[in-house]
There are 2 protein chains.
Amino acid sequence: MSQQRSAHGNAAGPDFPDLPEATVARLPEYLRALHALAEAGHDVASSEALATAAGVTSAKLRKDLSYLRSNGTRGVGYEVLGLIDKIEHVLGLNQHRPVALVGVGNLGHALAGYGGFGSRGFRFSALFDADQRRVGERINGMPVRHVADLAPVIAAERIVIAVIATPAHAAQAVADELVACGVTSILNFAPCLLSVPENVDVRKVDLAVELQILSFHEHRKASLTALPRPLGPPARPVAGHGLGVEAVGS
Amino acid sequence: MSQQRSAHGNAAGPDFPDLPEATVARLPEYLRALHALAEAGHDVASSEALATAAGVTSAKLRKDLSYLRSNGTRGVGYEVLGLIDKIEHVLGLNQHRPVALVGVGNLGHALAGYGGFGSRGFRFSALFDADQRRVGERINGMPVRHVADLAPVIAAERIVIAVIATPAHAAQAVADELVACGVTSILNFAPCLLSVPENVDVRKVDLAVELQILSFHEHRKASLTALPRPLGPPARPVAGHGLGVEAVGS
DNA sequence: GCTTGTGAAACGTTTCACAGCC
DNA sequence: GGCTGTGAAACGTTTCACAAGC
C-alpha cells in the first residue's frame, strides 16, 4: 500500500475513478455480498440491504458506490449483476490474474491447496520452494518448482502478483528477487517488514498480530467488567439478530 | 469495531489508557520490531530507529507511544526491554492466552501446525473439526476433537479467543456456539460476515480480499503507465527512502 | 411513497513543528 | 546537540440530513 498518490487532478482514465483507500478496501466485501445476494435470487438490492449483507452502514455504502459513478435507481436500488460487473471491472478482476506463491511449507501448502480463489479472480499459476525435497511435489496438480527457476517462470507467465509464505528470515531475499522479475504487488505472510521500491505494493497478513489485537480488546473488556468471569450466564443476546459487530480489517 | 465505545466513563484503570484503534493495530508491529532490535543487541532505540524497523514514521511512533504514558528519555531514546514489557502488558500478552481453533482443514491444519505463536503470546490449546474422520488426529501433539465437545473443553480451558477456519457455510453456526460458550473474540478466516452480539469482537482475514485489493492497485498502475502522461508537473514525484532494489522488469 | 446521491458537519488519524528536557 | 512529547494544522473517513428523482 502507500503508493504515491500522484498529483493528478482527475486525469485518470475514463475507467478510473480515483478511489479513497478505505473504499477500495471495502469493494471486495461488497462483491462478496453481491454474489451472495445474486445466488439468493435477488436482482435488485437497496443500499440498506446490500450494506447489511456487507456489514457496513448504508450511508457508507452509498458514498462508496458514488465514487464509481453510481448506477443505482432512486426509489429502487442497485441492479445486482450490473454492480458486480462494475466492481469487478474497477478491481481489475476480469482477467483472472495469475499469482505466484513462494514457500510451500505449512501455510503455503494450505494456500496452494485452497480451491476458492478461482471464483474470486485469481489462480496460483506457479509454486516455488527453496527445499529440494519439496520440488517436484504436486499440489492441486501444480508442480512445486525450485526458487532458482523464479525468473523464467514469472516472466513466461507474466506474473505481477506474488504471495510470500516463507519463514521470516527468507522473506526479504525472496521479495528482492520477485521485484527483480517484475512483480509489483506482494502479499506477505512472513512476520517481518519488507523493504521494496516505491512502485511495489505490499500487503501483510500476520496471524499473531490479529490475535494480539484481539487480546488487547479482551484485556480491555476484562478490565471494564468488575468480575473477571461471571459464573452464570449474564445476558446473552445470542440467538437472533444481535447487530453484528465488525472489527476493523487489517 | 463500530460499536458505541460506551462513553468511556471508566477512569481508565491505572493500567488502561484508552488507545485510538489505529494505535492498537500498530502496537504488535512495534513489539516485533523491538524484539528484533533486542536480539540485535540494542538496549536503547531512538524513535527514528524503532520507527524504521517497524515501517512507520517517527512522529507517528512517538505519538503512539505517548498514549502509553511514554517512557522514553529525551536526547536518548527508548529502553528496549522496558518498552517490550509495557506493550506486552497493554496488549494483555503476559498471560499466554489459550486459543481454540475450529476447522482443521487445509488452512486450519496449517495454523495449528505453525509453531511461531508461542513466542508471541498465544498457544492453540484446543482443536475442533466437524469431520469424524479427522477427530483423534494429532497436530503438534494436540488431539483434534469433535465440535460437539466444544462447550466443555472451552469452559475447562477458560478459552475466550477462538479462530474459525471452517468453510463459509459452517462459520456462522460455529460462531454462535463459540459465543454461547463464552468466547468474546473471534478471528474469522471464512469468507463471510459473522453476526455476533455486540460485546464480541470479530476480526476477519480473507486472502482473496487482500489479493483483490492488490489487483486494484495493479490495475491502476497499469492504467497510469499506459495512458499518455497528462500535462502537468514532470515525472516521478518519488521521495522517501531510497532503500531497496530499483528494478523494473519489461 | 421510497431510495439514491451528495454537500456539509463531525470525527479520527497523521503530519508538522517546536518547546522542553536530557 | 539530540531526542522526546505534544499542541495545532492538515488530511482522510464517516456520519448526517436532505434535496433530487424514480
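Chain naming here is simple, since letters A, B, ... match the order of the sequence lines and numbering starts at 1 in each.
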Using a 4.0 Å heavy-atom cut-off to protein, can you give one letter per nucleotide of nucleotides 1-10 of chain C, 5' to 3': B if the base is in contact, S if only the sugar-phosphate is, - if neither? -BBBBBBB--
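With respect to E218(B) and R97(A), no salt bridge is recorded, no charged nitrogen being found less than 4.0 Å from a carboxylate O. Using a 4.0 Å cut-off between charged nitrogen and carboxylate oxygen, K221(A) and D201(B) count as a salt-bridge pair.
Checked by atom type and distance alone, the side chain of E210(B) never pairs as donor or acceptor with a backbone atom of L187(A) at under 3.5 Å. In this structure, T184(B) contributes its side chain and V200(B) its backbone to no donor-acceptor pair below 3.5 Å.
One interatomic measurement links the two molecules: CG of L19(A) to P of dT13(D), which rounds to 11 Å at whole-angstrom precision. When the P atom of dT14(C) is taken as reference, atom CG of L61(B) falls 12 Å away, rounded to whole Å. Following rounding to the nearest Å, E21(B) (CD) and dC11(C) (P) show an atom-to-atom distance of 18 Å. When rounded to the nearest whole Å, the span between CG of D64(A) and P of dT15(D) equals 11 Å. Distance NZ (K60(B)) to P (dA17(C)): 17 Å, rounded to an integer number of Å.
A donor-acceptor contact under 3.5 angstrom links the side chains of H217(B) and E21(A), judged on distance only.
Across all strands, T57(B) comes closer than 4.0 Å only to sugar-phosphate atoms, never to a base (heavy-atom distances).
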Is there a salt bridge (Lys or Arg N to Asp or Glu O under 4.0 Å) between R32(A) and D206(B)? Walk through the geometry before answering. CA-CA 11 Å; R32(A) 190 189 43 66; D206(B) 187 329; 5.2 Å; no
